[in-house]
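Computed from a predicted model, the values in this text were never measured in an experiment. Any value given below was found using the heavy atoms of this structure, including those in side chains, with hydrogens, waters and symmetry copies removed.
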Amino acid sequence: MGTIALEGLEFFSYHGFYDEEQKIGNKYSVDIIVTADFSEAARRDRLSATVNYEDLYRITLGVMKQPARLLEHIAHQIIQEIRTSYPDLEAVEVSVSKFNPPIGGVCHRAKITLKE
């Protein structure tokens, strides 16, 4: 088993529980870790035997373009899309962070992580 990770993918998107958040937008960060058996890719040196991280980025970009209320929903959607493209993965973990969340005080970012 091995992992492939994309860390610190950044997007400006229109998510949030409050309607105003969906109008003004915010900066988000996404981290993805996929776990699978990459031994064939290691032996054969073939992209077709592994997970193409360009695909992971493209999937994430597509989800980030769709407004959502909750970070949990965003992470779940990313996981589902990745699993559709790569059904044999052992695990997919996605963290979504919202910078400067509207909590009434100082907070660099709010972050959730889902693993399925």
Side-chain angles (χ1 to χ4, degrees):
M1 283 297 149
T3 61
I4 291 176
L6 291 181
E7 299 176 339
L9 302 175
E10 289 192 9
F11 304 92
F12 190 89
S13 297
Y14 298 88
H15 307 300
F17 177 75
Y18 301 106
D19 290 341
E20 184 176 320
E21 291 181 279
Q22 292 199 353
K23 290 177 186 167
I24 63 172
N26 201 348
K27 184 174 148 184
Y28 294 84
S29 178
V30 178
D31 299 321
I32 301 168
I33 301 172
V34 297
T35 304
D37 180 358
F38 298 116
S39 59
E40 183 181 348
R43 280 192 309 273
R44 294 182 44 228
D45 195 25
R46 298 284 182 257
L47 182 59
S48 61
T50 189
V51 174
N52 184 336
Y53 40 82
E54 287 179 293
D55 288 344
L56 298 180
Y57 179 81
R58 180 187 45 76
I59 289 166
T60 305
L61 177 62
V63 172
M64 293 303 289
K65 287 182 177 180
Q66 303 169 23
R69 297 276 181 197
L70 301 177
L71 300 179
E72 293 87 344
H73 180 74
I74 296 165
H76 176 75
Q77 291 300 113
I78 293 170
I79 290 170
Q80 294 307 304
E81 294 290 329
I82 290 171
R83 287 204 169 274
T84 297
S85 295
Y86 296 97
D88 296 330
L89 295 175
E90 178 76 19
V92 180
E93 181 176 312
V94 173
S95 297
V96 181
S97 300
K98 176 193 292 190
F99 290 85
N100 303 308
I103 62 170
V106 176
C107 178
H108 180 67
R109 62 185 182 157
K111 180 179 179 179
I112 65 93
T113 301
L114 292 180
K115 185 175 181 178
E116 297 180 18

Counting only pairs under 3.5 Å, give me each side-chain donor-acceptor contact of residues 62-69, with atom names and distances, residues two or more places apart or in other chains.
residue: Gln66; atom: NE2; partner: Gly62; partner atom: O; Å: 3.4
residue: Arg69; atom: NH1; partner: Phe17; partner atom: O; Å: 2.8
residue: Arg69; atom: NH1; partner: Asp19; partner atom: OD1; Å: 3.0
residue: Arg69; atom: NH2; partner: Asp19; partner atom: OD1; Å: 3.0

Side chains of residues 51-58: which donor-acceptor pairs under 3.5 Å do they make with residues two or more places apart or in other chains?
residue: Asn52; atom: OD1; partner: Glu54; partner atom: N; Å: 2.8
residue: Asp55; atom: OD2; partner: Tyr86; partner atom: OH; Å: 2.5

- Task: I would like to know whether Ile32 and Glu93 meet side-chain contact (heavy atoms from CB on, under 4.5 Å); could you show each step before the answer?
- Result: CA-CA 6 Å; Ile32 301 168; Glu93 181 176 312; over 6 Å; no
- Query: Would Ser13 and Asn26 count as a side-chain contact (heavy atoms from CB on, under 4.5 Å) if you check the C-alpha gap in whole Å, the side-chain angles of each, and the deciding distance to 0.1 Å?
  - Reply: CA-CA 6 Å; Ser13 297; Asn26 201 348; over 6 Å; no
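Hydrophobic cluster membership of Phe12, counting Ile, Leu, Val, Met, Phe, Trp and Tyr whose side-chain heavy atoms lie under 4.5 Å apart directly or via other members: Tyr14.
When the side chains of ILVMFWY residues are joined at heavy-atom separations under 4.5 Å, either directly or via intervening members, Ile78 and Phe99 end up in two distinct hydrophobic clusters. Using a 4.5 Å cut-off between side-chain heavy atoms of Ile, Leu, Val, Met, Phe, Trp and Tyr, with links allowed through other members, Ile82 and Leu61 fall into the same hydrophobic cluster.
Among residue pairs with one or both ends in residues 36-51, those qualifying as side-chain hydrogen bond (donor to acceptor under 3.5 Å, both in side chains) are Asp37-Ser39, Glu40-Arg44; sequence neighbours excluded. The list of side-chain hydrogen bond (donor to acceptor under 3.5 Å, both in side chains) pairs with a residue in residues 98-115, not counting sequence neighbours, reads Glu21-Lys98, Ser95-Thr113, Ser97-Arg109.
Counting heavy atoms from C-beta outward, Ile4 and Ile33 have side chains that stay 4.5 Å or more apart.
For Glu10, the salt bridge (charged side-chain N to carboxylate O under 4.0 Å, His left out) partners at least two apart in sequence or on another chain are Lys27. Considering only residues two or more places apart in sequence or on other chains, Phe38 meets the ring-ring contact (aromatic ring centres under 6.0 Å, His included) condition with none of them. Applying the side chain to side chain contact (heavy atoms under 4.5 Å, CB included) rule to Ile103 yields the partners Pro101, Cys107; only residues at least two apart in sequence or on another chain are considered. For Ile79, the side chain to side chain contact (heavy atoms under 4.5 Å, CB included) criterion is met by Arg83, Val92, Val94, Leu114, Glu116, not counting sequence neighbours. Considering only residues two or more places apart in sequence or on other chains, Tyr28 meets the ring-ring contact (aromatic ring centres under 6.0 Å, His included) condition with His15.
Listed here is the closest heavy atom pair of Ile112 and Ala75: CD1-CB, 3.6 Å. Residues Ser29 and Gly8 approach most closely at OG-CA, 3.7 Å, considering heavy atoms.
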